[in-house]
Amino acid sequence: MDYSKASGKAAGLPVPDPCVSFWQQTTRSFPYLSLNKDEPVPAESKYVIIGSGISGALTTYELIQGGVPPEDIVIFEAREAASGASSRNAGHVRPDAFRGFQVYKQVHGQDQALKIIANERLVFERIDEFVKQHGVPCDFHPATTFDVCLTQEFADFNARSYREYRDAGGDVSHVRFYEGEAARQVTRVEKAVAAYEWPAGSSHPAKLAQWLLAQSIEKGVRLFTHCPATSVTKSASSTADQTLWDVSTPRGATEASVVVHCTNAFAPHLLPQLARFVTPNRAQAHAFVPPPALSASSMLAATMSLRHTLKHFYSVAQRRADGVVILGAPRSNPNVSVAAIEGVLSADDSAFDEEVRDDAVVNFEACFPACEKGRLRHGEGLLHTWTGIIGMTTDSVPFVGKIESLPGQWICAGFNGHGMARIFTCAPGVAKLILGGSWEDTGLPECFEITEQRLDKLKQGVSGSVF
Ligand SMILES: Cc1cc2nc3c(=O)[nH]c(=O)nc-3n(C[C@H](O)[C@H](O)[C@H](O)COP(=O)(O)OP(=O)(O)OC[C@H]3O[C@@H](n4cnc5c(N)ncnc54)[C@H](O)[C@@H]3O)c2cc1C
């Protein structure tokens, strides 16, 4: 079942009472979590950023780097600071090395497909560089990752993607391939049929988002939390030369000349023209305390995607900081009931699904038998389960750039549950555009741009799902 097509309904606003993720549990001391939660919003601000996840936080950071005075920027966040997908993900900073190439090629053409994959590698390098340069305390750990093929069917699919990507001129010099016994040894997964390995990393995503926000707030940016933007309408004081926008919230309206939508799955609430093309999916993740067989010097050196098929896969990232294993669950899952599948179509991250949780743990145990329930001590095993809402787009790439029909409004949203491998080029890209740069200056694949032409193509039903 292709969830990105099936949902067909926009997310509305984020629910006000979401569950608390592992990342949020471990950052309750962030001083700006509920900043200005009861304050009225200012009547005017040149820039309004809507959404305080990594997209909104990094766009703000980059605008300031580009010369925008921090006091000219306000951020509206519907809930706690960075309480969307950015504080709820599975911790992977994992570029696609070739796997999605076949599908991207069908939807966007070969040239763009090559650029999409190359951009992901660049994002990983950018995050690595950024974290090192600024000493960001976000538990970032650059290492490698395995695509573990658990079935011959998926091994064949991946082999074809690898071949097609390489033959089209894609760089695979950083990808290592293992088959049979070699794959089993290197991954430690007994069921592995084959495996591919390439550079990737993991991080504490909430710490990264919070660090970015703190930099801007401490320079003078005003963040208003628990403050959903409920509409963006043309201001009566707009002139022939300049359109101004009233961004309404329950605590007043702010007039702005630049509005940036960093609302990911929730973008269509303020931009209903995107309702058919950005749909919410609820994704679920789990924290697992490992037994000695996966602790200390026996920790997993690489992160993994344990893959049965293209869409039926489980992510595994063991944190260097404390050894906790973060398990991501599939949204496309033949092992769970229709009710659990319907949960995936929800935009409500206050709840989680027990079937999805149990299936994720069973799959992990099957791959790492030392983690089976019966073999664990009290205190080992499942620690926490949480959910978050991801923004699926019908053509599997984000919407970035100027919204042509709404002068002064911009977007950086629709990350398909894959934002950690995209936002670090998209948010700087949108900041460059706002500051007068060209699309070429962003270095992003052209297919990411939110053009009328792309929207027309999508209206005609062009689609393709990688995630
Ligand atoms: C369980 C799970 C696992 C994931 N695993 C991975 C992974 O391993 N690797 C990876 O690359 N990606 C992963 N992702 C996806 C990744 O987290 C997202 O792509 C990324 O965080 C998106 O960042 P963002 O800033 O665009 O959106 P978000 O972090 O969702 O931020 C959007 C913000 O906008 C706010 N908002 C929305 N509407 C309004 C409004 N009208 N007014 C004010 N505020 C509003 C929201 O509250 C939210 O804080 C995962 C996501 C989930 C949920």
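The first residue of the sequence shown is numbered 1, and numbering continues consecutively from there. Numbering of ligands and ligand atoms starts at 1, following listing order.
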Does any N or O of ligand 1 fall below 3.5 Å from an N or O anywhere on Arg88, backbone included? no
State yes or no: are the ring centers of Trp198 and His174 separated by less than 6.0 Å? no
Quick one: ring pair (Phe, Tyr, Trp, His ring centres under 6.0 Å) pairs with a partner in residues 25-65, sequence neighbours left out? Phe30-Tyr32, Tyr61-Phe130
Can you check which of Gly419, Cys412, Gly417, Ala329 brings a heavy atom nearest to atom 13 (C) of ligand 1? Gly417
Does the side chain of Val356 reach to within under 4.5 Å of the side chain of Asp359, using non-hydrogen atoms? no
To the nearest 0.1 Å, how far is atom 24 (P) of ligand 1 from its closest protein heavy atom, and which atom is that? Ser55 OG, 3.4 Å
Report yes if some N/O of Ile54 lies less than 3.5 Å from some N/O of ligand 1; otherwise report no. yes
Thr151: side chain to side chain donor-acceptor pair (under 3.5 Å) partners, not counting sequence neighbours: none
Can you tell me which portion of Ile423 lies within the under-4.0 Å heavy-atom range of ligand 1? Options are side chain, backbone, both, or neither. side chain
When you look for heavy atoms under 4.0 Å from ligand 1, do you find them on the side chain of Leu13, its backbone, both, or neither? side chain
Below 4.5 Å, heavy atoms only, C-beta onward: do Thr393 and Phe277 meet side chain to side chain? no
Which atoms of ligand 1 have any heavy atom of Met420 under 4.0 Å away? 9 (N), 10 (C), 11 (O), 12 (N)
May I ask you to check if ligand 1 and Pro228 share an N or O to N or O distance below 3.5 Å? no
Are any of the N/O atoms on Ala82, whether in the backbone or the side chain, positioned under 3.5 angstrom from an N/O atom of ligand 1? no
Under 4.0 Å from a heavy atom of Gly388: which atoms of ligand 1 are those, numbered in the order shown and with their elements? 53 (C)
Distance to 0.1 Å, residue and atom name: give those for the protein heavy atom nearest to atom 39 (C) of ligand 1. Thr263 CG2, 3.6 Å
Taking Arg282 first and then Asp348, would you say they form a salt bridge - that is, a charged N and a carboxylate O separated by under 4.0 Å? no
Check the angle between the aromatic planes of Phe124 and Phe140 and answer parallel, tilted or perpendicular using the 30° and 60° thresholds. tilted
Give the atom numbers and elements of ligand 1 that come within less than 4.0 Å of a heavy atom of Ile390. 51 (C), 52 (C), 53 (C)
Centroid-to-centroid, Trp211 to His134, below 6.0 Å? yes
Ion pair Arg121/Asp171, N-O distance below 4.0 Å: yes
Ala85 N/O to ligand 1 N/O under 3.5 Å: yes
Region of Arg94 that comes within reach of ligand 1 [heavy atoms, distance under 4.0 Å]: neither
Hey, mind stepping through Asp139 and Arg320 against salt bridge (charged side-chain N to carboxylate O under 4.0 Å, His left out) and telling me if it holds? CA-CA 7 Å; Asp139 304 343; Arg320 287 300 103 181; over 6 Å; no
Identify, for atom 29 (O) of ligand 1, the protein heavy atom at the shortest distance, and state residue, atom and that distance. Ser86 OG, 2.6 Å
If we set the cut-off at 4.0 Å for heavy atoms, which region of Cys262 has an atom near ligand 1: side chain, backbone, both, or neither? backbone
Are Tyr162 and Tyr196 an aromatic pair by the rule of ring centers under 6.0 Å? yes
Below 30° counts as parallel, above 60° as perpendicular, anything between as tilted: where do the rings of Phe364 and Phe368 land? tilted
Using a plain distance cutoff, I'd like to know if His92 has any nitrogen or oxygen under 3.5 Å from a nitrogen or oxygen of ligand 1. yes
Check whether Phe313 forms a cation-pi arrangement with Arg307 (NZ or CZ under 6.0 Å from the six-membered ring centre, at most 45° off the ring normal). yes
Provide the number and element of each atom of ligand 1 under 4.0 Å from a heavy atom of Gln284. 1 (C)
If I apply the N/O under 3.5 Å rule, does His269 come out as touching ligand 1? no
Could you say whether the N/O atoms of Glu77 and ligand 1 ever approach to under 3.5 Å? yes
Going from CG on Asp395 to CG on Asn416, what distance comes out if it is rounded to the nearest 0.5 angstrom? 8.0 Å
Looking only at distance, does Ser52 have an N or O less than 3.5 Å from an N or O of ligand 1? no
Any idea which atoms of ligand 1 are less than 4.0 Å away from a heavy-atom of Ser83? 49 (O)
Whether the side chain of Ser87 engages the backbone of Ala82 through a donor-acceptor N/O pair (distance < 3.5 Å, no angle test) should be reported. yes
Is there a polar contact between ligand 1 and Leu270, counting only N or O atoms under 3.5 Å apart? no
Which ligand 1 atoms does Ala283 reach within 4.0 Å, using its non-hydrogen atoms? 1 (C), 2 (C), 52 (C), 53 (C)
Report the C-alpha separation of Tyr165 and Phe101 in whole Å, then their side-chain angles, then the decisive distance to 0.1 Å, and conclude whether the ring-ring contact (aromatic ring centres under 6.0 Å, His included) test is met. CA-CA 6 Å; Tyr165 181 60; Phe101 183 71; 5.3 Å; yes
Considering only protein heavy atoms, which is closest to atom 5 (N) of ligand 1, and at what distance to one decimal place? Ala90 N, 3.0 Å
Where is the nearest protein heavy atom to atom 44 (N) of ligand 1: which residue, which atom, and how far? Ala78 N, 3.0 Å
Taking Gln210 for its side chain and Pro31 for its backbone only, find out whether a donor-acceptor pair lies under 3.5 Å. no
Do Tyr104 and Val397 have side-chain heavy atoms sitting under 4.5 Å apart? yes
re atom 42 (N) of ligand 1, the protein heavy-atom contact at minimum distance is Ala229 N, 2.8 Å
Quick one: which ligand 1 atoms are inside 4.0 Å of a heavy atom on Phe266? 37 (C), 38 (N)
Should you measure from each heavy atom of Phe415, which atoms of ligand 1 turn up under 4.0 Å away? 19 (O), 26 (O)
Tell me, please: is Ser315 in heavy-atom contact with ligand 1, that is, under 4.0 Å? no
Suppose we measure from atom 34 (O) of ligand 1 to each protein heavy atom; which comes out shortest, and what is that distance? Gly51 CA, 3.3 Å
Starting from atom 50 (C) of ligand 1, what is the nearest protein heavy atom, named by residue and atom, and what distance separates them? Asn89 CB, 3.0 Å
